[in-house]
Amino acid sequence: MKQTEFLNVVMPFKDKLYRMAKRLLVSREEAEDATQEILLKLWSKNESMGEYKNVEAFAMTMTKNFCLDRLKSKQAGNLKLVHSNYTDETVSLQKQLEAEDSIGWMERIMEDLPEQQKMVLQLRDVEQYEFEEICDLLDMKPTAVRVALSRARKTVRDELTKKHSYGIG
Amino acid sequence: MELGNIEKILEKYFEATTTVAEERKLREYFAQDSIAPHLEQYRPMFNYFSIAKEERYTKQVPLKPRVNYYKWLSVAAAVVLTFGIYFGKQYQERKDAEYAYQETKKAFELLAENFGRGTEKVAYLKEFQEAKEKIYNNN
């Protein structure tokens, strides 16, 4: 497979990979590195790529596994995720105002979800994957996907209601 | 889109029994400017999903065509090998020549030594000649 051909195959879903990586790793730099890593891995496999039925699903699963490994090794090494594209509530008034922005809330709420729920919510509500696809990608049973999705959505709703009832928004 | 319908879909949504199409309807509804006040609290959620989908991966991925790399490596190796053989051969030839020279020199030295011995012996002939001349002159 030639470079241009490869890019044509990868282009439509590279943003999805990046968004998934960012959802899990939070930091923009980390997510960019992870995406690059995945794309290079795919490129190194480009000869056998024709054999995969669904390159996108394959790449997505790779991204998921890669990010989860990253997170695991981070925890094992007792390192904290350091990221700059994240507003800290305590820093300054400007930052505080930014944090009150509803996008900021949503990001924070989603960040606090368990990894599995995060991934299900990302795949379904942001990327609009079908249930069967999510089952394949995350290697989960359909009922488990539904339960995780329902929990994730309800948690987001409850958190938002909490914020809303403070009367900030 | 009537409100009752939206509320029904919303309920299903939180039980995770909605279809992708129904969820699209929800996002469309919450993208409007005016929505029912009691649903206002859900707005950030659906708006966020739409915004989150806009994020793009902008970094360039350095896709190196690895085939070229090996090609150039083999070219470099071939060049090094050719020069190595060429100069190695020259060096070997020079070494051989030097050795031959040393051997020849040794052989000539041996010859010269033996010639020297020969001339020593010839010196006696001179004595003989002198004695002969004395005798002839006296006569």
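In what follows, every chain begins at residue 1, and chains take the letters A, B, ... in the order their sequences are listed.
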- [ ] Evaluate the side-chain contact (heavy atoms from CB on, under 4.5 Å) criterion for residues A:Gln128 and B:Lys53: first the C-alpha distance (whole Å), next the side-chain angles of each, then the deciding distance (0.1 Å), finally the verdict.
- [x] CA-CA 10 Å; A:Gln128 283 108 47; B:Lys53 214 189 169 180; 3.3 Å; yes

Task: Portion of B:Phe46 that has a non-hydrogen atom of chain A nearer than 4.5 angstrom - done: neither

For the residue pair [X] and [Y], establish whether any side-chain heavy-atom pair is separated by less than 4.5 Å.
X        : Y       : result
A:Leu121 : B:Phe49 : yes
B:Lys59  : A:Asp33 : yes
A:Arg19  : B:Tyr57 : no

Task: Cation over ring face, A:Arg157 and B:Phe14, 6.0 Å, 45° - done: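 Relative to the ring axis of B:Phe14, which defines the angle, A:Arg157 lies inside both limits.
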
Count the heavy atoms belonging to other residues, nucleotides or ligands that lie under 6.0 Å from [atom1] of [X], then report whether that count exceeds 12.
X        : atom1 : value
A:Lys154 : NZ    : yes
B:Gln90  : CD    : yes
B:Asp96  : CG    : yes
B:Glu98  : CD    : no

Roughly how far apart are [X] [atom1] and [Y] [atom2], rounded to 0.5 Å?
X        : Y       : atom1 : atom2 : answer
A:Tyr18  : B:Arg56 : OH    : CZ    : 11.5 Å
A:Asp125 : B:Arg27 : CG    : CZ    : 7.0 Å
A:Leu160 : B:Gln41 : CG    : CD    : 7.5 Å
A:Lys14  : B:Thr58 : NZ    : OG1   : 8.0 Å

Open item on the list: Please determine whether a side-chain nitrogen of the Lys or Arg among B:Glu15 and A:Arg153 lies less than 4.0 Å from a carboxylate oxygen of the Asp or Glu.
Closed with: no

Open item on the list: Strictly below 4.0 Å, N to O, side chains only: are A:Arg124 and B:Glu23 in salt-bridge contact?
Closed with: yes

Are [X] and [Y] connected in the hydrophobic side-chain network, where two residues link if heavy atoms are under 4.5 Å apart?
X        : Y        : value
B:Val79  : B:Phe87  : yes
A:Met60  : B:Val20  : no
A:Val147 : A:Met110 : no
A:Phe6   : A:Met11  : no
A:Met62  : A:Leu138 : yes

TODO: Against chain B, work out which of A:Ser150, A:Ala21, A:Ala31, A:Ala148 has the most heavy-atom pairs shorter than 4.5 Å and name it.
DONE: A:Ser150

TODO: Between chain B and each of A:Glu130, A:Lys16, A:Glu32, count heavy-atom pairs under 4.5 Å; write down the option with the most.
DONE: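 Heavy-atom pair counts peak at A:Glu32.
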
Task: Largest heavy-atom contact set with chain A, pairs under 4.5 Å, which of B:Arg24, B:Arg43, B:Met45 - done: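 Most pairs with chain A among the choices: B:Met45.
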
Heavy-atom proximity to chain B below 4.5 Å, by part of [X]:
X        : result
A:Tyr129 : backbone
A:Arg151 : neither
A:Leu17  : neither

